[in-house]
Amino acid sequence: MICLGIESTAHTFGVGIVNDKGQILANEKDAYTTKSGGLIPNKLAEHHVECCDAVWKNALRKAKLSMKDIDVVSYSASPGLGHALRIGAMFARSIAKIYKKPLVGCNHCIAHLEIGRMISRAKDPVLLYVSGVNTQVIAYESGKYRIFGETLDQGIGNFLDSFARHIGLGFPGGPKIAELAKKGKNYIELPYTVKGMDVSFGGLLTNVKQKYDSGKYKVEDICFSIQETVFAMLTEVSERALAHCNKDELVLGGGVACNTRLQEMVKIMCSERKAKCYIPENRLLVDNAAMIAWLGLIMFKAGNSVKPKEAGINPYERTDDVRVNWR
Ligand code: ATP
Ligand code: FE2
């Protein structure tokens with residue numbers, strides 16, 4: 001069985017193709033970017049409309065397949081920006097209808113977890129999902145993926161990007177802060193906010209902006225201290241979730257998981273408690289359509305599908321709103 005999946009929750013419009021052996025036959029994308037890093041919803045929608053046809057054709061070409069070889073079409077139905085989700089859903093409905101293919105709507109956060117689980121062959125992991133908007137610690141319990149911990153305000157990536165913008169680094173800020181952090185040597189004590197399994201970055205953002213503006217600290221030391229602080233917070237809540245859920249596998253997902261210092265910290269934590277740590281390659285950590293294709297495929301095999309007429313979007317759906325009947 002082969003599934004063609006469409007990702008369209010935010011910046012990225014992607015088309016991925018996977019088969020039921022878990023082989024990724026194509027994973028094409030085009031991302032909307034601006035110099036300032038801001039995002040204008042209707043411009044984003046225009047971007048997705050303009051590139052969707054080319055991305056879809058590229059994916060089929062890469063996979064050396066045509067639509068007659070595709071058994072199922074899936075799309076990211078939730079959560080995300082309405083303007084972006086709507087274009088992906090419309091595109092999915094159109095090709096499902098024209099080529100008479102069954103259609104499956106997917107939750108983007110769960111797709112991050114499922115691609116990590118497939119790639120790593122982890123059986124029942126905790127997922128640390130750290131992207132621009134999302135910061136969640138997710139695990140399976142009693143028929144749903146439950147959010148055991150999450151950010152109480154902004155996502156970790158948005159926090160990094162906001163600080164980067166404040167100091168004139170441009171977008172995306174995470175990799176640029178990571179470069180500066182490598183040159184930092186002195187740890188500056190910063191607010192560390194962990195509440196149970198939840199984290200918060202708002203107060204920290206104000207604090208580091210003030211420290212930078214005061215001119216008393218080297219920017220490399222601030223970046224180093226930011227990374228040490230926020231990644232320790234994420235490692236702590238991941239460890240608490242592993243202990244609380246009695247699980248011994250951790251999978252990473254989301255763009256911020258590309259950070260090698262975060263990877264190093266969670267690996268140390270996992271080895272100390274004899275848990276396995278799985279980190280997919282970067283192209284599967286960031287937003288991608290192969291993960292939507294894979295989730296669509298396993299959902300379809302479990303009997304899930306939606307009629308094109310009813311294939312809508314749900315920008316605010318939470319991970320634990322979805323009933324999991326495929327495992
Ligand atoms: P989602 O829709 O799932 O929230 P997203 O649109 O934020 O995803 P991702 O590609 O998952 O997209 O993540 C982008 C974020 O990852 C940005 O905030 C960026 O700064 C951050 N990022 C990318 N690489 C690194 C890195 N090496 N270190 C830290 N942060 C990084
Ligand atoms: Fe994502």
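First listed ligand is number 1; within each ligand, the first listed atom is number 1. The structure presented is a predicted model; accordingly, all values stated were derived computationally and were not measured.
Salt-bridge formation is not detected for the pair Lys185/Glu220: no Lys NZ or Arg NE/NH1/NH2 atom is positioned less than 4.0 Å from an Asp or Glu carboxylate oxygen.
Here's the thing with Gly255: one of its N/O atoms is less than 3.5 angstrom from an N/O atom of ligand 1. In terms of N/O distances under 3.5 Å, ligand 1 is not approached by Asn158. The distance criterion of under 3.5 Å between nitrogen or oxygen atoms is not met by Val286 with respect to ligand 1. Considering both main-chain and side-chain atoms, Gly132 comes within under 3.5 Å of ligand 1 through a nitrogen or oxygen pair.
Hydrophobic clustering (ILVMFWY, side-chain heavy atoms < 4.5 Å, transitive): Leu297 and Leu60 are in distinct clusters. Connection of Val15 to Val286 is not established within any shared hydrophobic cluster, with ILVMFWY side chains joined at heavy-atom distances below 4.5 Å, either directly or through further cluster members.
Phe201 has its side chain out of reach of Asn158: every pair of non-hydrogen atoms, C-beta onward, lies at least 4.5 Å apart. No side-chain heavy atom of Glu272 sits less than 4.5 Å from a side-chain heavy atom of Glu239.
For the side chain to side chain donor-acceptor pair (under 3.5 Å) criterion with Tyr145, the lone passing option out of Arg318, Gln136, Glu114 is Glu114.
For ligand 1, the atoms closer than 4.0 angstrom to any heavy atom of His11 are 6 (O). Less than 4.0 angstrom separates some heavy atom of Pro172 from each of these atoms of ligand 1: 19 (C), 20 (O). Each of the atoms 18 (O) of ligand 1 lies under 4.0 Å from some heavy atom of Gly157. With ligand atoms numbered from 1 in the order given, ligand 1 contributes 1 (P), 3 (O), 4 (O) to contacts under 4.0 Å with heavy atoms of Asn134.
The nearest heavy-atom contact from the protein to atom 30 (N) of ligand 1 is Gly174 CA, 3.3 Å. Closest to atom 3 (O) of ligand 1, if we only count protein heavy atoms, is Tyr129 OH, 2.3 Å. Here the heavy atom of the protein found nearest to atom 21 (C) of ligand 1 is Val256 CG2, 3.8 Å. The protein non-hydrogen atom at the shortest distance from atom 17 (C) of ligand 1 is Asp161 OD2, 3.5 Å.
In this structure, OD1 of Asp287 and NE2 of His108 enclose an angle of 90° at the Fe ion (ligand 2), rounded to 10°.
If you check each of Leu169, Ile156, Asn259 against atom 27 (N) of ligand 1, the one with the closest non-hydrogen atom is Asn259. Here atom 2 (O) of ligand 1 lies nearest to Asp287 when heavy atoms of Val133, Asp287, Val130 are compared. The closest non-hydrogen atom to atom 4 (O) of ligand 1, taken over Ala178, Ala181, Ser131, Ala257, comes from Ser131.
Note on Cys109: not counted as a metal contact of the Fe ion (ligand 2), no N/O/S atom lying under 2.8 Å. Taking 2.8 Å as the threshold, Tyr129 counts as a candidate ligand of the Fe ion (ligand 2), since one of its N, O or S atoms lies below it.
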